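Keep in mind that this is a model prediction, so the values were computed, not measured. Each chain gets a letter, A, B and so on, in the order the sequences are listed, and its residues count up from 1.
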Amino acid sequence: MAELTTLAEAVAALVRDGDMVALEGFTHLIPVAAGQEIIRQGVRDLTLVRMTPDIVYDQMIGAGCASGLVFSWGGNPGVGSLHRLRDAVEHEWPAPLRLEEHSHAGMANRYAAGASGLPFAVLRGYVGTDLPRHTANIAAITCPFTGEVLTAVPALNPDVSIIHAQRADRRGNVQLWGITGVQKEAVLAARRSLVTVEEFVDTLEPRPGAMVLPTWAVTAVAAVPRGAHPSYAQGYYERDNTYYQEWDAISRDRDTFTGWLDRHVFGSAVGAP
Amino acid sequence: MAELTTLAEAVAALVRDGDMVALEGFTHLIPVAAGQEIIRQGVRDLTLVRMTPDIVYDQMIGAGCASGLVFSWGGNPGVGSLHRLRDAVEHEWPAPLRLEEHSHAGMANRYAAGASGLPFAVLRGYVGTDLPRHTANIAAITCPFTGEVLTAVPALNPDVSIIHAQRADRRGNVQLWGITGVQKEAVLAARRSLVTVEEFVDTLEPRPGAMVLPTWAVTAVAAVPRGAHPSYAQGYYERDNTYYQEWDAISRDRDTFTGWLDRHVFGSAVGAP
Amino acid sequence: MTGGSVAGGSVSDWSADEMMTVAAARALVGHTACFVGIGLPSTAANLARRLHNPDLTLIYESGTIGAKPSVPPLSIGDGELAETADAVVSVPEIFNYWLQPGRIDVGFLSAAQLDRFGNINTTVVGPDYRRPKVRLPGAGGAPEIAASCGEVFVVVRHSPRTFVDRVDFVTSVGFGDGPGHREQLGLRGRGPVLVITDLGVLQPDPDRCELALTALHPGIELETVRSATGWDLAVADGLRVSEPPTAEELRVLRDLTPTQSTGDSRWAT
Amino acid sequence: MTGGSVAGGSVSDWSADEMMTVAAARALVGHTACFVGIGLPSTAANLARRLHNPDLTLIYESGTIGAKPSVPPLSIGDGELAETADAVVSVPEIFNYWLQPGRIDVGFLSAAQLDRFGNINTTVVGPDYRRPKVRLPGAGGAPEIAASCGEVFVVVRHSPRTFVDRVDFVTSVGFGDGPGHREQLGLRGRGPVLVITDLGVLQPDPDRCELALTALHPGIELETVRSATGWDLAVADGLRVSEPPTAEELRVLRDLTPTQSTGDSRWAT
């Protein structure tokens, strides 16, 4: 059974210095508030994992939480660069950042292998690209039946996975719908998991396209209304496209970013520009 | 785009002597009418594939359609044996039947590999059992990262997969809900596919738990109301438990079975005892 | 073999099958999630959910997680399982994401043959796989349930035809050839830690991994169990006698199975 | 590089970007299913669906199959994609069941660098991966889109910085080192058969696999294209001039993108 708790308590209990942490969300339902709580609690030396690191990872990297990033596409969707990520990669500020780079197909299969209790996954991937020259975690594997050579990638099993969902019931069963990305896999692959939700409800009414994560498969659930802002929570609020655009200017400069961090993350329990 | 057609035309066009054919359904939505149409059309030498061969496969085997069976659990659920299957295995009547036997986990992964365009799947399976001694299609595979030895099974790619669903729209998009088993994988793994549906509707209203197979991923769709009887179609009709019980007596004896076949399959376009 | 009162069966106002089912349900106290085979295990698991473990998550291989059927299902894919489940997932998912990683604490199986090391046969009777004396239904989900669940409970009626020295075919591995075998195979789960029959309860000896009698059901003689067992059955120190079914247990069980045969669904022999 | 009229751009009442998008949309005539990258490809694919191919299935890597957005999405995971889709599946499923087996006939990509053999770079600019001159966003779904779709269309603005002799990093393989390379790699799809820019259209020479100019957009000089291309660009026999956008094409395109920048979403350089 999942523990029903607060965001601050959950992060304090579950996220430790040096952990491999995945905050997943594919444009939709990104657990931004949880990422900012990790910044507030000063967690360090994280290996961040995500298929599509965006603004919240830019914030965590700029705030010095991370020493590594495992990813397949890092950008500010529809806007451009993640300047804090680029500053870390290009100028080691505020600290060097180890990159481990994959394709989406590879990352998705790595989570799926992790969720399946397998040490690796097989795919037709990376062929002809320069990724295997720079990423150690890509290997060849031969089909024992046909002799065909395919690609293997190792399972991802984060110490902690964090996702945001629309709802949970009071037993901690979690319901999410819309684009659900790789969130189920991220939670099931992890040793510990935290789900932030828009709200607790008495009953999870079945909905088209909804998936339920049973309470016994989740470590902790915390109510964090608007916890995915500036991304969106289908049925609750829209994507705040202005935030994404404004982030470009805020993040471009170290001082502007640091000022923003002081005001909007350290200065409050909700992060909005 | 799927062709909208009749059951008889679809079977004539898609199912050929010697094919590997999967009629899938996990207790729910079993394409019984399609199987009986295959009997009526006198198709021979099929390698039948199914995780859970039950009454309709008993009928097809007893009618002489099959020369092989690839499966993981064959029985009359809640009742007992499949007598026609047993007669074929134990006494080669009406013809010998090659068995290729797996576990559910193995079969499910074989379909998933087939649907994924991979030649094989990896699982933790069959370990310590006698299945690998009698089934050639089970091999060891070593993780290139950890050295751990796991099990590999080859992809299933049937020549034809047939499933039954609740609905399709007039473009041939298919909607099914409830227990959907391995049907998506069976269709996507196959070279050709047929979906029989309870009805065509103008619009596929989204429903909790429903899955949609897009029309361009299906070869043919045919309306066959009650096409899953005596199994059930959630939202349309219940499981006919009496049929399952009566099948035991009908199928136990070759003459009784042959008489039933003449009356209920060759004598009509719908099969009910 | 048919349901109802069998060898050494009813001694009071309850049947041997009822005692078996009640004992199996009691074994689920304190467990979270149970991967349920059809037939006897399903009845017992549903009884447990009603009696003392309302939060017990029942998982069926049809893909239903947290099913809450009002009557034990006739098949593992009954509509009510889907309608009452917390989640319905595909069959590949139920095996890959839910069973395989070891996140289910109890697997609940039955058997056509069971041997002294808790190995299960549901495939063929007879020494020749290609020319079987009896063709049984096959493996289903059992091999991976037996391998991957935290522990395995077996519920099966006692008879010398079922309790054999060595199964004709290992469909689902228990302790294999004995001590150390599961570890050598790299299996994660603890294996068949509990076998509940209509006569009593068997548990593996911690050193020898061989099933030994640890409890007799009320009114059952030790000799009855021995003669229904196809190997020289060891008796554990401190052999217990099971608590008879309580009135409440019987009431709930009978509510649960008003019309249902408790027969398991293997091919009849 | 920004949207709007650029090098050799607008010659009439339409911009070079509009010509490019219209040409890209026209290329989708007769196709069934298109795996769509964000930015320029998404705009073109949505235009095609409105103009001449209403049954074109748009597939986004967020898991939406058959999305019918009213405006081109800002991100590949916009809510409207899910709300209008025929099916929404998980991200592992979209790659494994839908893209990987080769059932999508067209993959529609953009590029930060593109070389003479149609190889795409969206990873790093500069010779040293560990110390890049510019860090680009990375691979996303492109490597497997480029490998597994029946064929690949690339839509990208023409400039010598983009059209390079050899990409600094092969993120998504085109024809690799040239003839026979895709076959040697065992790739199933035909690769980048069409590159549409704001200046014209490039297609691979069937023998040499090198991209050659096969069409100029109206009003564009050959020399303009040559000077915007970082290798000695070959010109195909029978060089065509693209049909200018029709009034209807422009009307629908402008309806579609009233407020949107047509900028692609790669990291700005």
> Which heavy atom of C:P101 sits nearest a heavy atom of A:S116, and at what distance?
Replying inline: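 Heavy atoms only, the tightest pair is CG-C, 3.7 Å.
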> Can you name the nearest heavy-atom pair linking C:R103 to A:W216, along with the distance?
Replying inline: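 Minimum heavy-atom contact is O-CZ3, 3.8 Å.
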> Relative to chain C, which segment of A:A217 carries a heavy atom at a distance below 4.5 Å: side chain, backbone, both, or neither?
Replying inline: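 Only the side chain of A:A217 comes within 4.5 Å of chain C.
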> Is C:Q100 reaching over with its side chain to a backbone N or O of A:G117, donor-acceptor style, under 3.5 angstrom?
Replying inline: no
For [X], does the [atom1] atom sit with more than 12 other heavy atoms under 6.0 Å from it, leaving out its own atoms?
X: A:E238; atom1: CD; result: no
X: A:E199; atom1: CD; result: yes
X: C:R131; atom1: CZ; result: no

>> Return the CZ to CG distance between A:R171 and C:D86, rounded to the nearest 0.5 Å.
In response: 7.0 Å
> When heavy-atom pairs shorter than 4.5 Å are enumerated against chain A, which of C:D55, C:T32, C:I65, C:V88 gives the highest number?
Replying inline: C:D55
> Which of the residues C:A33, C:G102, C:A87 is involved in the greatest number of heavy-atom pairs with chain A at under 4.5 angstrom?
Replying inline: C:A33
